[in-house]
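Working notes, beginning with the structure itself.
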Protein chains: 2
Amino acid sequence: MSVPKFAQIKEFILENIRSGAWQENHRVPSENELSNQFKVSRMTARRALSELTDAGILTRSQGLGTFVASFKSQSSLLEIKNIADEVKARSNHYSCTILVMESISAIAPIAIALGVEVDSHVYRSVIVHNENEQPLQVEERFVNPALAKDYLQQDFHSLTPHEYLSQNAPLTEARHTVEAIMPNQEMCEWLNLYNEEPCLQVIRRTWSSQGIVSFARLVSPGSKYRLGGHLTFKK
Amino acid sequence: MSVPKFAQIKEFILENIRSGAWQENHRVPSENELSNQFKVSRMTARRALSELTDAGILTRSQGLGTFVASFKSQSSLLEIKNIADEVKARSNHYSCTILVMESISAIAPIAIALGVEVDSHVYRSVIVHNENEQPLQVEERFVNPALAKDYLQQDFHSLTPHEYLSQNAPLTEARHTVEAIMPNQEMCEWLNLYNEEPCLQVIRRTWSSQGIVSFARLVSPGSKYRLGGHLTFKK
DNA sequence: CAACTCACCTTGTATATACAAGATAATTAT
DNA sequence: ATAATTATCTTGTATATACAAGGTGAGTTG
């Protein structure tokens with residue numbers, strides 16, 4: 001079978017939405033109507049509707065019917081990719097410089113972000129990620145030592161901290177915020193910025209089932225780095 | 001039935017992943033094994049595996065089996081929400097000031113971004129979105145007149161441009177980029193910035209089935225606005 | 001020994017059937 | 001006329017069954 005029946009029905013529905021024939025909240029044919037129309041079983045028609053619902057394109061409610069989802073409910077998304085992969089994808093040379101690997105005493109804001117006691121010791125690393133030997137991003141990371149005992153013994157030239165941590169303590173959740181900031185003196189030196197320029201700062205906290213694993217601050221010059229996103233009606 | 005069987009099986013699989021018992025690329029039980037283990041039909045076991053696969057948590061391949069997806073393939077996502085909704089969600093007062101509503105002749109970069117001829121006329125609007133009467137974001141938008149003829153006649157106090165456009169020309173695709181920039185003189189005035197400060201700039205292009213609908217530039221002061229994101233292993 | 005065939009596992013597609021449960025409209029009883 | 005019931009539509013869950021098609025390994029054949 002070249003193209004499965006359930007896929008044909010999905011395409012039929014998507015085409016009606018794309019053409020504008022079925023606007024937001026328009027009622028789409030029921031499972032029974034589709035199964036008669038396309039001469040398939042109800043389960044096959046159901047599969048088409050279910051998959052489009054999972055994709056956020058339709059909404060269903062028991063007893064009422066199936067409807068075209070309102071665009072508002074479709075969130076516009078931005079992806080945060082692994083920086084090493086991103087550089088390599090542009091077929092440029094990736095390298096990194098490890099500036100700091102230490103165990104420090106956690107001041108209040110860091111202790112709170114990591115969910116540990118104030119003044120308990122935590123690991124801290126500062127790494128500069130380079131694209132063709134030019135600094136692209138500074139990664140300052142604080143790590144909960146209870147969940148990654150041998151963090152300071154790692155060689156992060158071969159494996160990024162994020163890769164190491166996600167292998168060690170399976171990730172269950174992550175939160176991000178993105179801001180525009182002005183870098184301080186130290187950050188300017190790390191990034192080789194002679195003239196002050198605005199930077200994009202991503203703060204990322206990651207959880208595993210045992211608690212907060214790490215807290216990272218990723219800073220990139222506004223002129224060299226941007227985040228990209230993409231939203232589409234799935235085909 | 002309190003909790004459906006397929007959901008119980010999903011939870012069983014997720015729990016094994018969350019606990020770390022099943023690492024990346026670990027092989028999960030086959031449909032037949034699960035159906036024996038849980039005393040359900042193969043179709044029910046299959047549903048659990050299929051839904052987790054659609055969610056990006058598992059990967060399957062015919063003839064081989066089903067495996068825990070590698071974490072790398074799970075993208076970390078940031079949401080861009082409707083600014084009016086966001087302000088109202090903080091239970092603050094939303095208002096907007098319409099600065100410009102005009103028809104202009106498209107210079108090259110704008111014409112290219114909109115996919116129209118250079119020097120053809122396009123619509124332009126500049127709107128300031130306020131939170132409690134303080135400027136929060138400037139929205140400069142260029143609109144393809146072929147796809148939104150009466151754009152200039154709209155009253156954007158009641159309906160945001162984005163809402164109007166997505167009702168008028170059904171949206172099929174959107175692309176974003178996020179950058180950190182330094183605002184120019186004009187932008188500082190619009191945002192009421194006395195001291196220069198870095199700003200977050202989102203560029204958004206939206207498509208409908210008939211072509212590129214609009215091209216928007218959203219600028220917010222770094223001190224007042226940030227983007228938030230959230231990633232989790234779906235329950 | 002190498003190459004081929006075949007059995008057996010896996011996932012993928014499709015159907016027919018059954019009953020549960022939510023929503024609505026028509027009917028019936030009060 | 002209003003309230004309660006019923007019929008009928010919808011989606012949701014679950015099973016048994018059938019065949020297709022991809023991948024692996026064991027055994028057979030040359």
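Here is how names work: the chains are called A, B, and so on, in the same order as the sequence lines, proteins then strands, and each is numbered from 1. Quick caveat, the model's predicted, so the values are computed rather than measured.
Regarding A:Glu31, its CD atom lies at a distance of 11 Å from the P atom of D:dT13, rounded to whole Å. The distance from atom NZ of B:Lys10 to atom C1' of D:dG12 is 14 Å, rounded to the nearest whole Å. Rounded to an integer number of Å, the gap from A:Leu34 CG to C:dA14 P is 14 Å. Distance, A:Arg60 CZ to D:dT10 C1': 9 Å, rounded to whole Å. One can place CZ of B:Arg47 at 14 Å from P of D:dT11, the figure rounded to the nearest angstrom. The CD1-C1' distance, from B:Ile9 to D:dT15, rounds to 13 Å in whole Å. Between the C1' atom of D:dA20 and the NZ atom of A:Lys5 lies a distance of 13 Å, rounded to the nearest Å. Between A:Phe6 atom CZ and D:dA20 atom P the separation is 18 Å, expressed in whole Å.
Taking 4.5 Å as the limit, some side-chain heavy atom of A:Arg141 sits within range of a side-chain heavy atom of A:His162. The closest side-chain heavy-atom distance from B:Asn82 to B:Thr160 is below 4.5 Å. Looking at heavy atoms from C-beta onward, A:Leu136 lies out of side-chain contact with A:Tyr94 at the 4.5 angstrom threshold. The closest side-chain heavy-atom distance from A:His93 to A:Ser95 is below 4.5 Å. Considering only heavy atoms from C-beta on, B:Ser50 stays 4.5 Å or farther from B:Arg47 through its side chain.
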Derivation of the salt bridge (charged side-chain N to carboxylate O under 4.0 Å, His left out) call for A:Arg217 and A:Glu139: CA-CA 6 Å; A:Arg217 182 166 154 252; A:Glu139 169 184 350; over 6 Å; no
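The aromatic rings of B:Trp22 and B:Phe12 stand perpendicular to each other, their planes meeting at an angle above 60°, with 30° marking the opposite boundary.
Contacts between residues 36-44 of chain A and DNA chain D, counted as heavy-atom distances below 4.0 Å, involve A:Arg42, A:Met43.
Remark: A:Arg205 fails to qualify as a cation-pi partner of A:Phe215 under the 6.0 Å distance and 45° angle criteria applied to the six-membered ring.
Residue-environment remark: CZ (A:Arg226) stays at or below the threshold of 12 foreign heavy atoms within 6.0 Å.
A donor-acceptor contact shorter than 3.5 Å is absent between the side chain of A:Thr206 and the backbone of A:Ala174.
Computed from C1' positions of five pairs at each end, the angle between the two local axes of the helix from C:dC1-D:dG30 to C:dT30-D:dA1 equals 20°, rounded to 10 degrees.
Residue contacts for B:Arg46: at a heavy-atom cut-off of 4.0 Å it reaches a base atom on one of the strands shown.
Of all nucleotides listed (C:dT10, C:dA14, D:dT11), D:dT11 comes nearest to the side chain of A:Thr66.
OP1 or OP2 of C:dC9 has not a single side-chain nitrogen or oxygen of B:Asn32 nearer than 4.0 Å.
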Between the protein and nucleotides 23-27 of chain D, which nitrogen or oxygen pairs come in under 3.5 angstrom?
none

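Checked options B:Lys224, B:Lys88, B:Arg90; the residue passing with B:Glu131 is B:Arg90 (criterion: salt bridge (Lys or Arg N to Asp or Glu O under 4.0 Å)).
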